[in-house]
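Along the sequence shown, residues are numbered consecutively beginning with 1. In listed order, ligands and their atoms are each counted from 1.
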Amino acid sequence: MLTSGGDAPGMNAAIRSITLYALHYGIEVIGFRHGYNGLINNEFVGLDEPLVREIIGRGGTILKSARCEEFKTVQGMQQAADNLHAHSVDGLIVIGGDGSFSGLTKFKQFYQGQTIGVPGTIDNDIDGTDHTIGFATAVDTAVNAIDKIRDTADAFERIFVVEVMGRKSGFLALNVGVACAAEHIITFENFSNPGIELQQVTEKIKRIKKQRGQCSHLIVSAENLYPGGANQLASDLSDYASIDCIPCILGYIQRGGDPVAKDRILATHMGAHAIKELLVGNSDIMIGIEGQFCKTVALSQSVEHHKGVNEYLLDIQERLQDLR
Ligand code: ADP
Ligand code: F6P
């Protein structure tokens, strides 16, 4: 197995589960280090019970993670496959995000063994699963941080724009915004263009001020949306409407920390299920969770289909924050 792309809290719990479940069935497990680089450079470690015994509650990944441009080339993929074949590796489990799964889908042309994806990303942007490993922890981390921002915002009756991660998806922004009772949430689903956004934010601030009087105001925004991000939005609000607004980019704090129980359980469930699927000969699939049960979907689905946020929740939040 290997961990690839952005690390996510709970990846270690998945490594533990995959290792122990495989060992239970007498399967030898090795872990390649530094994402796909480990496959190409033949950098791996044998995984056994003592190595994974105490990692269920640790953030990051003991196998390290990385991006790997070389894996996008024919030579890189061929080298990786040659190494796996030389070690007689029967199956490869990749814990990562949609980029990692794009690579894994293509790798089928080079590697003859079974391939299985386990979704691990704080972004929750993978189709075919209700949740990805790491999302619940990242939401909690961001909410804890923003609750603290709210305290000082309340004390000074200030306006903050807080930017959260998510790459090209708004799951973090929506869920964090709802949990923090943000006055305004900016996600890919409700953003049209900077001019309209600026106008809408300004009107909202003015309306809420009229309703509540002077008060704190939190805008939670997805990254990679407003050009120039939170800093530019704050500066534009000042120029456009003379509204003082403090930008705050939460950044990598959202990717670290001990996984919450929900992520540990999800990772344990998905990791074991990946081994179950290997044992019955399945390949080219991703493990997903639907309700309380694991399921499998074609790897191609996880890569090709876009999973949007629940716009109904966005609508509810709008109404809760906008009394007439
Ligand atoms: P994530 O898996 O978190 O979405 P990335 O999108 O950065 O992260 O992808 C992780 C790695 O997966 C890349 O650095 C690369 O090694 C591999 N990868 C991504 N896309 C492709 C692709 N189209 N072909 C081959 N490998 C890819
Ligand atoms: O995919 C996880 C993620 O943390 C995104 O939310 C973010 O945009 C990106 O990775 C950051 O990537 P990097 O670690 O390469 O800066």
Side-chain angles (χ1 to χ4, degrees), residues 1-11 14 32-41 43 59-61 63-81 92-111 115-129 131-139 141-142 162-176 187-188 220-226 229-230 249-257 259 263 284 286-287 299-300 302-307 309:
M1 78 177 100
L2 59 87
T3 48
S4 167
D7 56 288
M11 279 185 163
F32 286 88
R33 288 163 53 84
H34 303 112
Y36 289 119
N37 297 289
L39 292 186
I40 294 171
N41 303 327
E43 191 195 354
T61 154
L63 292 177
K64 312 296 176 192
S65 195
R67 322 275 180 193
C68 175
E69 283 305 308
E70 207 182 340
F71 194 68
K72 293 181 178 168
T73 66
V74 168
Q75 294 85 339
M77 287 223 176
Q78 191 58 59
Q79 182 63 54
L92 173 68
I93 299 176
V94 171
I95 309 166
D98 58 340
S100 302
F101 295 165
S102 293
L104 191 58
T105 309
K106 293 191 177 137
F107 193 46
K108 278 302 289 175
Q109 296 160 29
F110 300 84
Y111 173 55
T115 51
I116 297 199
V118 171
T121 164
I122 64 165
D123 302 336
N124 199 34
D125 57 347
I126 300 184
D127 193 48
T129 185
H131 295 110
T132 57
I133 296 165
F135 175 63
T137 305
V139 170
T141 302
V162 185
E163 184 177 298
V164 296
M165 278 187 164
R167 194 176 279 189
K168 294 280 176 203
S169 109
F171 281 92
L172 276 173
L174 173 62
N175 286 272
V176 167
T187 75
F188 291 84
V220 172
S221 176
E223 66 176 352
N224 300 322
L225 203 44
Y226 195 88
I249 297 168
L250 284 193
Y252 290 92
I253 189 176
Q254 295 161 95
R255 253 182 24 198
D263 276 327
D284 212 12
M286 183 195 82
I287 308 299
L299 252 186
S300 54
S302 70
V303 172
E304 284 158 16
H305 294 203
H306 172 75
K307 183 170 83 172
V309 303

Item to check | Taking atom 8 (O) of ligand 2 as the reference point, the nearest protein heavy atom with its distance | outcome: E223 OE2, 2.5 Å
Next on the checklist: Is the ring pair F135/F171 parallel, tilted or perpendicular, if the boundaries are 30 and 60 degrees?
Outcome noted: perpendicular
Next on the checklist: For a 4.5 angstrom cut-off between non-hydrogen side-chain atoms, does D127 reach H306?
Outcome noted: no
Checklist entry - What part of R67, side chain, backbone, both or neither, has a heavy atom within less than 4.0 angstrom of ligand 2? => result side chain
Checklist outcome for this item: Tightest non-hydrogen contact, residues G96 and I126, listed as O-CD1, 4.0 Å
Item to check | Where ligand 1 meets D98 - atom numbers and elements under 4.0 angstrom, heavy-atom basis | outcome: 4 (O)
Checklist entry - Tell me: protein heavy atom nearest atom 4 (O) of ligand 2, and distance? => result R255 NH1, 2.9 Å
Item to check | Approximate separation, where rounding is to 0.5 Å, of R255 CZ and T121 OG1 | outcome: 8.5 Å
Item to check | Of the listed options A80, A8, G99, closest to atom 18 (N) of ligand 1 (non-hydrogen atoms) | outcome: G99
Next on the checklist: Which of the numbered atoms in ligand 1 are under 4.0 angstrom from any heavy atom belonging to R67?
Outcome noted: 3 (O), 5 (P), 7 (O), 8 (O), 14 (O)
Next on the checklist: Is G166 close enough to touch ligand 2? Criterion: a residue heavy atom under 4.0 Å from a ligand atom.
Outcome noted: yes
Checklist entry - For atom 16 (O) of ligand 2, what's the nearest protein heavy atom and its distance? => result Y252 OH, 2.3 Å
Item to check | Identity of the nearest option to atom 12 (O) of ligand 1, non-hydrogen atoms only, from G103, S100, G35 | outcome: S100
Checklist outcome for this item: Counting from 1 in the order shown, the ligand 1 atoms closer than 4.0 Å to a non-hydrogen atom of G6 are 3 (O)
Checklist entry - Going by distance only, is there an N or O of K72 that falls short of 3.5 Å from an N or O of ligand 1? => result no
Item to check | Shortest protein contact, atom 6 (O) of ligand 1 (heavy atom only) | outcome: R167 NH1, 3.1 Å
Checklist outcome for this item: A student checking ligand 1 against M77 at a 4.0 Å heavy-atom cut-off should list atoms 25 (C)
Next on the checklist: Using 0.5 Å steps for rounding, measure from the OG1 atom of T137 to the CG atom of D263.
Outcome noted: 3.5 Å
Checklist outcome for this item: Heavy-atom closest pair (A8 atom, I122 atom, distance to 0.1 Å) is CB-N, 4.0 Å
Next on the checklist: Quick one: does any side-chain atom of Y36 pair with a main-chain N or O of S100 as donor and acceptor, under 3.5 Å?
Outcome noted: yes
Item to check | K64 atom NZ, neighbour heavy-atom count above 12 within 6.0 Å | outcome: no
Checklist entry - Does the E223 side chain pair with the main chain of G166, one donor and one acceptor, at a distance under 3.5 Å? => result yes
Checklist entry - Considering all heavy atoms of both residues, which atom of M77 and which atom of F107 are nearest to each other, and what is their separation? => result O-CE1, 3.3 Å
Checklist entry - Within the distance-only criterion (no hydrogens, no angle test), does the side chain of D284 pair as donor or acceptor with the backbone N or O of I116 below 3.5 angstrom? => result no
Item to check | Nearest neighbour in protein (non-hydrogen) for atom 11 (C) of ligand 1 | outcome: S4 OG, 3.7 Å
Checklist entry - Between CG of D98 and CZ of R167, what distance do you get to the nearest 0.5 Å? => result 6.5 Å
Checklist entry - Which protein heavy atom lies closest to atom 14 (O) of ligand 1, and at what distance to 0.1 Å? => result C68 N, 2.7 Å
Next on the checklist: So is E70 touching ligand 1 or not, going by heavy atoms under 4.0 Å?
Outcome noted: no
Item to check | Interfacing atoms of ligand 1 (cut-off 4.0 Å, heavy-atom, Y36) | outcome: 12 (O), 16 (O), 17 (C)
Item to check | Ligand-residue contact atoms, ligand 1 with K106, heavy atoms, under 4.0 Å | outcome: 22 (C), 23 (N), 24 (N)
Next on the checklist: As an exercise, identify every atom of ligand 1 less than 4.0 angstrom from a heavy atom of F71.
Outcome noted: 16 (O), 25 (C), 26 (N)
Checklist entry - Which protein heavy atom lies closest to atom 6 (O) of ligand 2, and at what distance to 0.1 Å? => result D123 OD1, 2.7 Å
